[in-house]
2 protein chains.
Amino acid sequence: MSTLPNAPYHHGNLRQALLEAALRLLEQQGEAGLGLRDLARAVGVSPAAPYRHFDSRAALLEALAVTGFQRFTARMQAVMASAPDDPLAAMGKTYVVFALQNPNLFRLMFSPQLKKDARPGLRMAADAAFDTLRQAVGGTALDGRIRALAAWAKVHGLAVLLLDGQIAIRAGEDSEALVAEIIGSL
Amino acid sequence: MSTLPNAPYHHGNLRQALLEAALRLLEQQGEAGLGLRDLARAVGVSPAAPYRHFDSRAALLEALAVTGFQRFTARMQAVMASAPDDPLAAMGKTYVVFALQNPNLFRLMFSPQLKKDARPGLRMAADAAFDTLRQAVGGTALDGRIRALAAWAKVHGLAVLLLDGQIAIRAGEDSEALVAEIIGSL
DNA sequence: GGGCAATGTTGACATTGTTCACATTCTGGT
DNA sequence: ACCAGAATGTGAACAATGTCAACATTGCCC
């Protein structure tokens, strides 16, 4: 091996190591900076090794997005359980906080180049997240969907605009308070 | 020249031709499919020629996004002028319709890889769009910003979710009506 | 223990963004 | 009208990247 002289030929469980390193690289450098060769080097493996575990770079990104959706859903459900009185506001805040804490992962999850139509796993993970949201909205079955979609759109738009720096935080302004205020006004 | 035997050495105004062809390619193939070489070939020029007009591929994309914001702002202002009674609803619908009609351009405008912090022109174009929105929201100067941001977030989130196919249109469902319904419930 | 599948390596290929040296055309000052 | 120099376009090259095929090594099961 190139990095460590006495490293074993087989890595152990490369797939997991690749995903973890990829997550780290993703948050550090953004999706564009996540190269397969860099990734392989970070794990101490040859450039072609990842292809034993992922069909392509796109497949690797998809796997990342799926775990992102899973974490996201888990957090949503936890918040929903711990704030039984006003789940909507709590989830809204959690949604935005998640996006701000994992900006590049969040962007990847909703990246257009992932084409969820062609990736059933990704579509399922995303749908699971949406189901959690709809569950929290409650309401009658008839207009439940519309209200859930509306709530999702509100909070998603806020998250995206914040991520893009489109909503500028003024000097000396409390970003958390601003977020809370906007959520409240939704 | 390679394409036409009697084409002149100088193109005439290459910059404009590049932008137009790029817009066409962008909507047809998405941002990833917009290669500098393809673009040059589409205009009938050598692969290095675009560099006389754009510093890099990123600069070309930025120029595209700027014109996108300009068109967007113009359409917003036109709608605002032609619907003086309820400008908010009209603009909301226009916002979403614009996104659905120019999906890849819209995605490019809000693409994270454009890093608006480092591109003053892009930031200005985006701010102009937001100013138009704020103007339509009106309200007192104090909470005008918050309300404008909230309105923007709502309609932007709806547009993004629709673009991503995250909001599934069911069989036999009128998408326009669905959009109108969601906007109404905001 | 031997064979087979899984996993990792090496080297190569096509493509892409980008640059450099050179060619061609346009333009303004005398 | 001319010519110098700025604009603009060409062609060949470079480095980097995703990807693949052939080969090496290891682990596992009968």
Side-chain angles (χ1 to χ4, degrees), chain A residues 1-22 25-26 28-65 108 111 113-115 118-119, chain B residues 1-22 25-26 28-65 104 108 111-115 118-119:
Chain A
M1 167 152 326
S2 42
T3 53
L4 292 180
N6 50 357
Y9 190 90
H10 280 3
H11 179 283
N13 70 348
L14 182 55
R15 178 176 180 121
Q16 192 60 25
L18 282 174
L19 284 177
E20 290 171 8
L25 280 183
L26 176 66
Q28 283 173 3
Q29 322 206 19
E31 183 255 281
L34 202 169
L36 271 197
R37 291 174 126 100
D38 295 5
L39 180 57
R41 198 175 311 122
V43 179
V45 99
S46 89
Y51 282 88
R52 298 292 162 183
H53 301 273
F54 301 98
D55 283 348
S56 65
R57 193 187 110 108
L60 189 264
L61 292 182
E62 179 197 345
L64 281 184
L108 178 65
S111 166
Q113 60 184 294
L114 247 42
K115 289 177 296 183
R119 312 283 166 123
Chain B
M1 168 152 326
S2 43
T3 54
L4 292 178
N6 48 357
Y9 190 90
H10 279 7
H11 180 283
N13 70 347
L14 182 56
R15 177 176 181 124
Q16 191 61 26
L18 282 174
L19 284 177
E20 291 171 7
L25 279 183
L26 176 67
Q28 282 174 2
Q29 321 207 19
E31 183 255 283
L34 201 170
L36 270 198
R37 292 175 125 102
D38 297 6
L39 180 58
R41 199 174 312 123
V43 180
V45 97
S46 91
Y51 284 87
R52 298 292 162 184
H53 302 273
F54 301 97
D55 283 348
S56 65
R57 193 187 109 108
L60 188 265
L61 291 182
E62 179 197 345
L64 281 184
N104 288 324
L108 178 65
S111 166
Q113 59 184 293
L114 248 43
K115 289 176 295 181
R119 313 282 166 122

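C:dT7 atom C1' lies 12 Å from atom CG of A:Leu18, rounded to whole Å. One atom, CZ of A:Arg52, and another, P of C:dT10, lie 14 Å apart when rounded to the nearest Å. Rounded to whole angstrom, the span from the CG atom of B:Leu14 across to the C1' atom of C:dT25 amounts to 14 Å. In this structure, CG of B:Leu39 is placed 12 Å from P of C:dT16, rounded to the nearest angstrom. Atom-to-atom, CG of A:Asn13 to P of D:dG27 comes out at 14 Å; the value is rounded to the nearest Å. Rounded to whole angstrom, the span from the CG atom of A:Asp38 across to the C1' atom of D:dG18 amounts to 12 Å. The CZ-P distance, from B:Phe54 to C:dT19, rounds to 15 Å in whole Å. Going from atom CG of A:Leu36 over to atom C1' of C:dC13 covers 16 Å, rounded to whole Å.
Each of B:Leu64, B:Val43, B:Asn13 was evaluated against B:Leu18; a single residue qualifies, B:Val43, per the side chain to side chain contact (heavy atoms under 4.5 Å, CB included) test.
Nearest-nucleotide positions on DNA chain C for B:Asp55 and A:Ala49 put A:Ala49 closer to the 5' end. Between B:Arg37 and A:Tyr51, the residue anchored closer to the 5' end of DNA chain D is B:Arg37, taking for each the nucleotide with the nearest heavy atom.
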From CA spacing to verdict: side-chain hydrogen bond (donor to acceptor under 3.5 Å, both in side chains), B:Glu31, A:Gln113: CA-CA 9 Å; B:Glu31 183 255 283; A:Gln113 60 184 294; 6.0 Å; no
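Checked by atom type and distance alone, the side chain of B:Arg57 pairs as donor or acceptor with a backbone atom of B:Leu34 at under 3.5 Å.
The shortest distance between side-chain heavy atoms of A:Leu60 and A:Tyr51 does not fall below 4.5 Å.
Using a 4.0 Å heavy-atom criterion, one finds that B:Arg57 contacts the sugar-phosphate atoms exclusively.
Proximity of A:His53 to the phosphate of C:dA6: no side-chain N or O atom is located under 4.0 Å from OP1 or OP2.
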